[in-house]
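One structure is given below, encoded as structure tokens.
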Amino acid sequence: MPNGSSAVSEPTTWSATPVVVVGLGLSGFAAADALMQRDAVVTVISRDSGGAIDKRAQILQTLGVTVLFGDDAPATPPEGTELVVTSPGVPPSNTFLLAAAEAGIPVWGEVELAWRMRPAEGAAPWLTITGTNGKTTAVTMLESILQAAGLRAVAAGNVGTPILEAVLHPEPFDVLAVELSSFQLHWSQSLSPYASCLLNVAPDHIDWHGSYDEYRRVKGRVFEQTQVAAIYNAQDPTTEQLLMDADVVEGCRAIGFTTGTPAISMVGVVDDVLADRAFVDDRRTSAAELATIQDLTIDGVPPAPHYVADALAAAALARSYGVTPAAVRDGLRAYRPQPHRVQSVGRVGEVAYIDDSKATNTDAAMASVTAYDHIVWIAGGLLKGADVEDLVQAAAPRLRAAVLLGRDRAQLAEALHRHAPDVPVVDIASTDTGAMAEVVRAAQSLARPGDVVLLAPAAASMDMFDNYGARGDAFAAAVQGLQ
């Protein structure tokens, strides 16, 4: 396999360097721990406290790190601060970060810190993935493929292992599958991945970035300084344009993926076969079979188009790194979706129940509702001001019924009345802990043999649940209660 050893990290002496870490989530803790172990003088400031944050603070304080909460935290970087490392969720409008920039103090994210802390020799190359939707599925598919190839690999970054832990692991990895959020990309400057991929771009996190143009621009940064292969979605022109705008390493190839027939230098689908016309010797006249649609079928449910697209993107990244077609096939066959992302949670009679609680925006929900022929759709929550008209209009021909929950369910009900007036709609007003069981019982009563009961809320969950995972867990538990 290639070693991807070009673009090594800069040598840096951290000893006695005053650094402020903003935030004490998993990323902030990993950054503070890594800096402390290199003898930096570390101060952590955290707006939040309680629970796991307090436990992390206690560990760091025992090791000599200063941790300041709330009103005790400084409003501006203390005099002498040479670097600020911010957690990914802290927006650029944060007054502390603005003060750091005004003072000329560098502000890095933990991904940038990880890149600069890589070993100078033998550092594991990064295969990076971002996108509005599907990045966790794609990066964990990539992890499965790399491991099937016999490589010591892990999914890291915005999912799974914090990127600093992966980079500094005492047993080095051969290669890293790195998921990057738009927040992480915003604070990253010098990354030079072996290969990179942008799955798709749709409006999201506008409040954090300030505008859709800025969000889109930041997503395109995944391609910057890519060394070998930059992979774009041939069915999403924005991803191709962002690649064209990027400054990649000389000789880096542009590789497209499509759920249609692939052109030269693309991967795609031909007669239910995932086919590679990018990483074969004679791209003009031949293709390599990577897997089949059947290899992606789970519990008898055929894969949705966006699931196939994620598989193709992961396969392209793996192939760019020299992984064989057989390993791609084996990795995809072994793969099971991450919890709450198009996850089969049961079958009652002849009705399948699919948990896509991670579909927290309309674009993700659109991919789900258009993937099945006949659905009982469970939707609703915090729509965050999203326009649901296009989503409901696309879903309408496939709807057997809809069951709505959450604070903004009336907006969905009104759109369903306009676009699907004959579709039965059940409104669940309850918000207590048993509400999901009521939702699932209602869906069961409306479903017919061959239907899919689909939780694809198109909305955030915090009006009723701690997070989308808790919402999905409640759905799965309710389905189990039917059996």
Side-chain angles (χ1 to χ4, degrees), residues 88-89 91 111 128-142 155 157-159 177-188 196-224 230-243 245-246 256-259 304-314 316-317 337-338 340-342 356-371 379 381-391 394-395 456-461 467-468:
V111 173
T128 59
I129 298 177
T130 194
T132 303
N133 297 301
K135 52 188 177 292
T136 296
T137 299
V139 81
T140 49
M141 281 178 165
L142 176 59
N158 196 49
V159 63
V178 182
E179 177 185 328
L180 296 174
S181 70
S182 61
F183 304 160
Q184 291 169 319
L185 285 164
H186 176 90
W187 298 115
S188 299
S196 61
C197 177
L198 178 53
L199 295 169
N200 46 60
V201 184
D204 203 7
H205 301 303
I206 306 305
D207 53 347
W208 198 95
H209 290 281
S211 70
Y212 178 49
D213 285 345
E214 176 62 12
Y215 170 75
R216 184 173 50 200
R217 185 192 70 79
V218 168
K219 281 294 192 185
R221 290 182 65 173
V222 73
F223 292 131
E224 292 294 327
I231 294 157
Y232 66 95
N233 184 344
Q235 293 167 295
D236 184 341
T238 298
T239 68
E240 185 174 11
Q241 183 60 54
L242 289 168
L243 172 53
D245 294 341
F257 69 91
T258 173
T259 55
H306 60 288
Y307 189 84
V308 177
D310 294 340
L312 288 163
L317 282 165
Q338 293 293 290
H340 318 303
R341 186 62 173 139
V342 199
D356 197 8
S357 184
K358 199 174 181 183
T360 58
N361 58 53
T362 55
D363 195 63
M366 177 80 79
S368 281
V369 299
T370 56
L382 296 175
L383 287 170
K384 301 174 289 185
D387 185 342
V388 298
E389 294 298 312
D390 289 347
L391 169 62
S461 59
N467 48 52
Y468 73 79

| task | Any chance you could lay out the side chain to side chain contact (heavy atoms under 4.5 Å, CB included) test for N233 and E240, step after step, and finish with the verdict? | result | CA-CA 7 Å; N233 184 344; E240 185 174 11; over 6 Å; no

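- No donor-acceptor pair under 3.5 Å is formed between the side chain of T360 and the backbone N or O of A460.
- Side chain of E179 to backbone of T130: no donor-acceptor contact under 3.5 angstrom is found.
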| task | Take L180 and V111, measure what side chain to side chain contact (heavy atoms under 4.5 Å, CB included) needs, and give me the verdict at the end. | result | CA-CA 8 Å; L180 296 174; V111 173; 3.9 Å; yes

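- Between L383 and A458, the shortest heavy-atom distance links the atoms CD2-O, 3.3 Å.
- The backbone N or O of G131 lies less than 3.5 Å from a partner atom in the side chain of K219, making a donor-acceptor pair.
- To the nearest 0.5 Å, atom CE of residue M366 and atom CG of residue D363 are 7.0 Å apart.
- Two residues are said to be in side-chain contact when any heavy atoms from C-beta on lie closer than 4.5 Å; V218 and W187 fail this criterion.
- Annotation for S182 and H205: closest pair OG-CD2, 4.1 Å, computed over non-hydrogen atoms.
- Proximity of a side-chain donor or acceptor of N158 to a complementary backbone N or O of Q184 within less than 3.5 Å is not detected.
- Looking at heavy atoms from C-beta onward, D387 lies out of side-chain contact with T362 at the 4.5 angstrom threshold.
- Of all the heavy atoms in D356 and A364, the pair that sits closest is OD2-O, 4.4 Å.
- Here E224 does not pair with R221 in a salt bridge; the nearest charged N to carboxylate O distance is not below 4.0 Å.
- Heavy atoms only, all atoms of each residue included: L199 and A138 are closest at CD1-CB, 4.0 Å.
- Two residues are said to be in side-chain contact when any heavy atoms from C-beta on lie closer than 4.5 Å; F257 and C197 meet this criterion.
- When every heavy atom of F223 is checked against every heavy atom of T239, the shortest pair comes out as CE1-O, 3.6 Å.
- One N or O on the side chain of N200 and one on the backbone of N133 form a donor-acceptor pair closer than 3.5 Å.
- The shortest non-hydrogen separation linking T140 to A155 is CG2-CB, 4.3 Å.
- Side chains of Y232 and L242 form no contact here, defined as non-hydrogen atoms less than 4.5 Å apart.
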| said: Using the rule given for side-chain hydrogen bond (donor to acceptor under 3.5 Å, both in side chains), can you reason through T259 versus Q235, listing the C-alpha separation, both sets of side-chain angles and the distance that settles it, and then say yes or no? | reply: CA-CA 8 Å; T259 55; Q235 293 167 295; 3.1 Å; yes

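- Looking at T132, its side chain does come within 3.5 Å of a backbone N or O of A202 through a donor-acceptor pair.
- Between V178 and I129, every side-chain heavy-atom pair lies at or beyond the 4.5 Å cut-off.
- For the atom pair CZ (R217) and CG (L185), the distance works out to 10.0 Å, reported to the nearest 0.5 Å.
- Side-chain contact check for H186 versus Y215: every heavy-atom pair is 4.5 Å or farther apart.
- By the 30° and 60° cut-offs, the orientation of the rings of H209 relative to F183 is tilted.
- Atom CZ in R341 sits 7.0 Å away from atom NZ in K358 (nearest 0.5 Å).
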